[in-house]
Amino acid sequence: MTLIIILIALGLDYFVGGLGRFREFNWFISLHYYLEKRLAHYKYWDGTAGLIVLLVLPLLGIFLLLEFAGHYAWIVEAVLTLIVLIYCLSPENLDSRLDEYITAINADDTDAQAKLEAQLINDDLLDEDDDNELAVIKSTFIESHKRTFAVLFWFLVLGAVGALLYRLVEHLHAELKEIRSGFADSNHLLLGVLEWPSTRLMVIGLALGGNLVEALPDWKKSEHFSFEVNDDVLIKSGLGALQYLPAIAVPDRDASYWIDEIKSLINRTLIIWLAILGIMTLSGKLG
């Protein structure tokens with residue numbers, strides 16, 4: 001049932017347009033500021049205890065709702081689980097955005113390229129000498145992990161509660177990343193903990209879907225026992241799996257070649273892990 005729910009969620013996310021408008025988490029950010037206004041004078045709030053209080057409220061609510069639905073009818077629980085998973089996936093389909101970018105590059109539409117680059121590029125990941133193509137590639141590795149792979153990993157581990165936990169922590173991090181406080185630092189650490197296993201599993205999938213020989217050594221070079229290097233590990237190993245060599249000129253290669261390649265690599269990686277989950281399901285190791 002777990003694999004079926006994942007396949008349905010990914011299928012709906014891909015084929016049904018406009019789901020992004022339903023993925024609003026402003027209620028959670030508002031809840032954070034509401035509680036902070038009333039509890040900030042308590043010393044426990046600015047730290048791990050405050051974060052736990054904030055997260056427990058929605059997570060306990062969805063847990064109790066699913067438990068009640070399970071006692072009522074399994075199909076109701078399955079539908080609610082599916083809804084939560086779809087809600088926790090990416091705010092938009094990254095594949096579609098990359099397709100638009102590839103079309104703009106091939107049409108030499110510089111205005112459309114600039115607009116899409118502003119949407120695709122995460123400035124926090126860039127080095128000074130990165131061009132726009134490399135910036136998009138780096139951002140795509142990280143965004144595909146945050147939007148899909150990490151959510152699916154925690155859904156497999158903890159069900160709908162796990163998927164919601166990751167998405168809430170990730171949204172809260174985006175809201176508080178410029179703030180230095182015990183609460184923000186605790187959330188940043190929790191996000192690192194949550195992303196540590198899913199980034200490494202995604203790297204394995206990228207290596208299997210791309211160039212294994214280049215991906216694993218790059219993983220080894222960038223790996224340290226730290227939650228702070230998750231993005232670095234994923235980017236360097238991903239570039240190795242992609243075999244990104246822009247300096248080598250190839251005749252008749254489209255200008256969008258590397259963007260198309262990373263899009264295909266991400267999709268192959270997802271298919272590989274879905275196939276592994278299928279094997280686990282058939283062997284009885286996954287419900």
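Note: I83 CD1 to L85 CG = 11.0 Å, rounded to the nearest 0.5 Å. Between the CD atom of E77 and the CG atom of L65 there is a distance of 9.5 Å, given to the nearest 0.5 Å. We find the OH-CH2 distance between Y34 and W27 to be 15.0 Å, quoted to the nearest 0.5 Å. Summarising the geometry, atom CD belonging to E175 is positioned 8.5 Å from atom CG belonging to N26; distances are rounded to the nearest 0.5 Å. From L206, atom CG reaches atom CG of N211 across 11.5 Å, with rounding to the nearest 0.5 Å. Here the CD1 atom belonging to I204 is positioned 7.5 Å from the CG atom belonging to L208, to the nearest 0.5 angstrom.
No side-chain heavy atom of R167 sits less than 4.5 Å from a side-chain heavy atom of L89. Residues V229 and W196 form no side-chain contact, since every pair of their non-hydrogen atoms from C-beta on lies 4.5 Å or further apart. In this structure the side chain of T140 reaches within 4.5 angstrom of the side chain of L94, judged on heavy atoms. Contact annotation: the side chain of I86 never approaches that of I8 to less than 4.5 Å [non-hydrogen atoms, C-beta and beyond]. A 4.5 Å side-chain heavy-atom check between E170 and L194 finds every atom pair outside the cut-off. Taking the side chain as every heavy atom from C-beta outward, L172 and L51 approach each other to under 4.5 Å.
Linking Ile, Leu, Val, Met, Phe, Trp and Tyr whenever their side-chain heavy atoms come within less than 4.5 Å puts V84 and V76 in one cluster. Linking ILVMFWY side-chain heavy atoms closer than 4.5 Å, directly or via other members, places I271 and L265 in two distinct hydrophobic clusters.
Side chains of D254 and N106: a donor-acceptor N/O pair is absent below 3.5 angstrom, by distance only. Residues T199 and H145 have side chains that never bring a donor and an acceptor to within less than 3.5 angstrom of each other.
Residues in residues 129-139 take part in these side-chain hydrogen bond (donor to acceptor under 3.5 Å, both in side chains) pairs, two or more places apart or across chains: E117-N132, D127-K138, D130-K138, E133-Y244. Legend: ring-ring contact (aromatic ring centres under 6.0 Å, His included) pairs involving residues 37-68, not counting sequence neighbours, sorted by first then second residue: Y42-Y44, W45-F183.
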Evaluation steps, side chain to side chain contact (heavy atoms under 4.5 Å, CB included), between E195 and Y166: CA-CA 9 Å; E195 291 188 337; Y166 174 77; 2.6 Å; yes
Applying ring-ring contact (aromatic ring centres under 6.0 Å, His included), run through Y87 and F25 and close with a yes or a no. CA-CA 10 Å; Y87 178 63; F25 287 84; 4.5 Å; yes
Assess the residue pair L239 and L134 against the criterion (side chain to side chain contact (heavy atoms under 4.5 Å, CB included)); give the C-alpha distance rounded to whole Å, side-chain angles, the decisive distance to 0.1 Å, and a yes or no. CA-CA 9 Å; L239 290 172; L134 181 55; 4.0 Å; yes
With side chain to side chain contact (heavy atoms under 4.5 Å, CB included) as the test, would you mind laying out the steps for F155 and I5 before giving the verdict? CA-CA 10 Å; F155 177 75; I5 290 174; 3.8 Å; yes
Side chain to side chain contact (heavy atoms under 4.5 Å, CB included) assessment of W273 paired with I276: CA-CA 5 Å; W273 277 113; I276 292 173; 3.4 Å; yes
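Salt bridge D13/R23: present, at least one basic N to carboxylate O contact under 4.0 Å. At a threshold of 4.0 Å, the pair K146-E143 does not count as salt-bridged, since none of the basic side-chain nitrogens sits closer than that to a carboxylate oxygen.
Considering every non-hydrogen atom in both L80 and A69, the closest pair reads CD1-CB, 3.5 Å. Across every non-hydrogen atom of I121 and V136, the tightest pair is CG1-CG2, 3.7 Å. Shortest non-hydrogen contact noted between S256 and I105 is N-CG2, 3.7 Å. Across M1 and A78, no two heavy atoms sit closer than the pair SD-CB, 4.5 Å. Nearest approach of N187 to H173, heavy atoms of both residues: ND2-N, 3.2 Å. Considering every non-hydrogen atom in both W154 and P197, the closest pair reads CZ2-CG, 4.2 Å.
Paired with S144 under the rule side chain to side chain contact (heavy atoms under 4.5 Å, CB included), one option of N267, I266, I262, L270 passes, and it is I266.
Judged as a side chain to side chain donor-acceptor pair (under 3.5 Å), and not counting sequence neighbours, D111 has no contacts.
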